[in-house]
Amino acid sequence: MKFTVSSTVLNSRLSELAKVISGKASILILDSFLFQLKGKQLVVTASDGENAVVADVEIADCDTDGAFCVPASSMLGYIKEIPEQPITFEVDMNTYNVQGTYQNGVFTFVAQNAEEYPMLQGVEGELTSITLPADLLSRNISRSLFATAVDELRPVMNGLLFDQTAEGLMVVASDGHKLVLNTNTAYASETPSQFILPKKPATLLRAMLPAGEEPVTINYNQRNAEVKLRHATLTCRLIDGRFPRYSSVIPKDNPNILTIDRNTLLGALRRVLPFANESTALIRLRVEMGKLTLSSDNVEFASFGREELVCDYDGQPMTIGFKGSSLAESLTNLSCDEVTFKLGDPSRAGILEPAQQEENEKVLMLVMPMLLND
């Protein structure tokens, strides 16, 4: 078997697929890429047993179809240092010896039998489909991943909920202390459906998604999902279970409205946070007309930090506590210039929203308060 491929194209595809491979694979051959030659296409597969990505690579001078497995880390090591030029691979399908030839160089290694590679079950049976622009899907995933949990007792919290209803498509993440709700009204459906995408495939998908409005189709059933991009397909197992009723924890009436520049607030948080207790990361927010005061202290180390900011505030003067790291993460994962912080009382969750929402989109981040002892 003989074929020729661009070194940079192959390196780009393999680097993307390598993120799927787990360092603790239960089956040794899952540390490899599966190469399948089909006509003028090289189809490369990477899998960890629960997630798989299949990508196409254009090739030339292929003399026959066939399949073999190559060790992932070694293959990336061979390819990544070769500048843009064609590489010709010759594979002896009897001994699985592989020789790669390029300008001024050659390398050899031993491949493995492709029949030993376990293929992940595809998405079959009765399917639900939704097609979204790549940039919209990327924004929703990027804004939400930080709020997913790592909870063995409640695995449904360890992923992103995609909930399509008559009101729109909701993408939700929560760890019980913070929550992100993305609402996209342009993708409403009279037939409700939902699935929970685990964190790892969501992270993989975010890295794979192209810029722009290229359509991305998600096909799913109760167990598996398949995400089709122009150059690749991601297949993964879904989290089984029912996500908690996220709408029930969102306060309906937080009448005290703070409006402030997002980067100004984030910068002040980052400056005050180092003085907070390491275990609680408690930050006090004192809000009153025209002024926001952030403060933190650590009695054990006799440290204290405070900063005052100018803001717009419409509401009752109030002091409320939040976990500073959670608040900072929420602000970091928004991309707007100004945010509104809607507050009820010191025992009620605060709601962060962009001051200006995008058309057909609404982004809401909820942060649970912390008890103040004084």
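Note that the numbering runs from 1 along the sequence shown for the chain.
Shortest non-hydrogen contact noted between P354 and Q357 is CD-NE2, 3.6 Å. Between Y313 and M318, the closest heavy-atom pair is OH-CE, 4.1 Å. Contact record, A111 with F68: CB-CD1, 3.8 Å, taken as the closest heavy-atom pair. When all heavy atoms of K40 and C62 are compared, the pair lying nearest together is NZ-N, 4.3 Å. Looking at every heavy atom in both residues, V156 comes nearest to P244 through CG2-CD, 4.2 Å.
Residue pairs meeting the salt bridge (Lys or Arg N to Asp or Glu O under 4.0 Å) criterion with at least one partner in residues 52-78, sequence neighbours excluded, are absent.
Looking at N113, its side chain never comes within 3.5 Å of a backbone N or O of E116 through a donor-acceptor pair. The closest donor-acceptor contact from the side chain of T185 to the backbone of G168 lies at 3.5 Å or more, if one exists at all. Here the side chain of Q85 pairs a donor or acceptor atom with the backbone of Q103 at under 3.5 angstrom. Between the side chain of T293 and the backbone N or O of E308 there is no donor-acceptor pair closer than 3.5 Å. No donor-acceptor pair under 3.5 Å is formed between the side chain of E226 and the backbone N or O of T233. Looking only at distances, a side-chain donor or acceptor of N256 sits under 3.5 Å from a matching main-chain atom of L343. With D337 contributing its side chain and D261 its backbone, the two residues share no donor-acceptor pair below 3.5 Å. Checked by atom type and distance alone, the side chain of N11 never pairs as donor or acceptor with a backbone atom of I79 at under 3.5 Å.
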Does M208 form a side-chain contact (heavy atoms from CB on, under 4.5 Å) with L229? I'd like the steps, not just the answer. CA-CA 9 Å; M208 292 168 57; L229 289 76; 4.2 Å; yes
Kindly indicate, with the supporting measurements, whether the criterion salt bridge (charged side-chain N to carboxylate O under 4.0 Å, His left out) is fulfilled by R306 and D297. CA-CA 9 Å; R306 182 175 65 198; D297 64 80; over 6 Å; no
For L282 and L372, what are the C-alpha separation, side-chain angles and deciding distance, and is it a side-chain contact (heavy atoms from CB on, under 4.5 Å)? CA-CA 9 Å; L282 173 64; L372 296 176; 4.0 Å; yes
Tell me, with the steps shown, if L37 and M1 meet side-chain contact (heavy atoms from CB on, under 4.5 Å). CA-CA 9 Å; L37 279 299; M1 179 191 297; 3.6 Å; yes
Between I21 and D48, does a side-chain contact (heavy atoms from CB on, under 4.5 Å) hold up when you go through it step by step? CA-CA 5 Å; I21 297 173; D48 63 3; over 6 Å; no
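Atom CG of L42 is separated from atom CZ of F33 by 11.0 Å, given to the nearest 0.5 angstrom. In this structure, CZ on F89 lies 4.0 Å from CZ on F107, to the nearest 0.5 angstrom. The CG atom of L265 lies 10.0 Å from the CD atom of E307; values are rounded to the nearest 0.5 Å. Rounding to the nearest 0.5 Å places CD1 of I351 at 9.5 Å from CZ of F341. Atom-to-atom distance recorded for I283:CD1 and S325:OG is 9.0 Å, nearest 0.5 angstrom. The CD atom of E167 sits 12.0 Å away from the CG atom of L169 when rounded to the nearest 0.5 Å.
Hydrophobic clustering (side-chain heavy atoms under 4.5 Å, transitive across Ile, Leu, Val, Met, Phe, Trp, Tyr) keeps V339 apart from L366. Residues V5 and L76 share a hydrophobic cluster, clusters being chains of Ile/Leu/Val/Met/Phe/Trp/Tyr side chains in contact below 4.5 Å. Cluster annotation: L205 and V54 are assigned to distinct hydrophobic clusters (Ile/Leu/Val/Met/Phe/Trp/Tyr, side-chain heavy-atom contacts under 4.5 Å, transitive). V367 and I250 end up in different hydrophobic clusters when Ile, Leu, Val, Met, Phe, Trp and Tyr side chains are linked at under 4.5 Å. Side-chain heavy atoms closer than 4.5 Å link hydrophobic residues (I, L, V, M, F, W, Y) into clusters, and following such links, even through other members, never connects L258 to M368.
The shortest distance between side-chain heavy atoms of M119 and S47 does not fall below 4.5 Å. The shortest side-chain heavy-atom distance between Q36 and T45 falls under the 4.5 Å cut-off. Contact annotation: the side chain of T259 approaches that of E338 to within less than 4.5 Å [non-hydrogen atoms, C-beta and beyond]. The shortest distance between side-chain heavy atoms of V9 and S12 does not fall below 4.5 Å. Looking only at side-chain heavy atoms (C-beta outward), E353 and K362 come within less than 4.5 Å of each other. Side-chain contact between T340 and K342 is present, with at least one heavy-atom pair separated by less than 4.5 Å. Counting heavy atoms from C-beta on, the side chains of N51 and K200 come closer than 4.5 Å. At least one side-chain heavy atom of M75 sits less than 4.5 Å from a side-chain heavy atom of F109.
A donor-acceptor pair shorter than 3.5 Å can be found between the side chains of D163 and Y246. For the residue pair E84/T8, the side-chain donor-acceptor check at 3.5 Å is satisfied. There is a side-chain donor-acceptor pair under 3.5 Å between R286 and T319. When only modelled atom types and interatomic distance are considered, T88 and T101 share no side-chain donor-acceptor pair under 3.5 Å.
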In residues 134-147, what donor-acceptor pairs under 3.5 Å come from side-chain atoms, sequence neighbours left out?
{"residue": "R139", "atom": "NH2", "partner": "E361", "partner atom": "OE2", "Å": "2.6"}
{"residue": "N140", "atom": "OD1", "partner": "N184", "partner atom": "ND2", "Å": "3.1"}
{"residue": "N140", "atom": "ND2", "partner": "L136", "partner atom": "O", "Å": "2.7"}
{"residue": "S142", "atom": "OG", "partner": "S138", "partner atom": "O", "Å": "2.8"}
{"residue": "R143", "atom": "NE", "partner": "N182", "partner atom": "OD1", "Å": "2.8"}
{"residue": "R143", "atom": "NH2", "partner": "N182", "partner atom": "OD1", "Å": "3.2"}
{"residue": "R143", "atom": "NH2", "partner": "E361", "partner atom": "OE1", "Å": "3.4"}
{"residue": "S144", "atom": "OG", "partner": "N140", "partner atom": "O", "Å": "2.7"}
{"residue": "S144", "atom": "OG", "partner": "N182", "partner atom": "ND2", "Å": "2.7"}

Distance-only donor-acceptor hits, side chain of residues 174-181, under 3.5 Å, sequence neighbours excluded:
{"residue": "S174", "atom": "OG", "partner": "G176", "partner atom": "N", "Å": "3.1"}
{"residue": "S174", "atom": "OG", "partner": "K178", "partner atom": "O", "Å": "3.0"}
{"residue": "D175", "atom": "OD1", "partner": "H177", "partner atom": "N", "Å": "2.9"}
{"residue": "D175", "atom": "OD1", "partner": "K178", "partner atom": "N", "Å": "2.9"}
{"residue": "D175", "atom": "OD2", "partner": "K178", "partner atom": "NZ", "Å": "2.6"}

Please tabulate, for the side chains in residues 212-220, all donor-acceptor contacts under 3.5 angstrom to protein atoms that are two or more places apart in sequence or on a different chain.
{"residue": "E214", "atom": "OE1", "partner": "R230", "partner atom": "NE", "Å": "3.4"}
{"residue": "E214", "atom": "OE2", "partner": "R230", "partner atom": "N", "Å": "3.1"}
{"residue": "T217", "atom": "OG1", "partner": "T131", "partner atom": "OG1", "Å": "3.0"}
{"residue": "N219", "atom": "OD1", "partner": "S129", "partner atom": "OG", "Å": "2.4"}
{"residue": "Y220", "atom": "OH", "partner": "S193", "partner atom": "OG", "Å": "2.7"}

Only distances under 3.5 Å count here; give the side-chain donor-acceptor pairs of residues 328-336 to other protein atoms, sequence neighbours excluded, each with its distance to 0.1 Å.
{"residue": "S330", "atom": "OG", "partner": "S326", "partner atom": "O", "Å": "3.0"}
{"residue": "T332", "atom": "OG1", "partner": "R270", "partner atom": "NH2", "Å": "3.2"}
{"residue": "T332", "atom": "OG1", "partner": "A328", "partner atom": "O", "Å": "2.8"}
{"residue": "N333", "atom": "ND2", "partner": "E329", "partner atom": "O", "Å": "2.8"}

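Under the 6.0 Å cut-off for aromatic ring centres, F195 and F162 qualify, their centroids lying closer than that.
At most 12 non-hydrogen atoms from other residues, nucleotides or ligands lie less than 6.0 angstrom from NZ of K228. Residue M93 places its CE atom among more than 12 non-hydrogen atoms of other residues, nucleotides or ligands, all under 6.0 Å distant.
With a 4.5 Å cut-off between side-chain heavy atoms of Ile, Leu, Val, Met, Phe, Trp and Tyr, the cluster of I257 takes in none.
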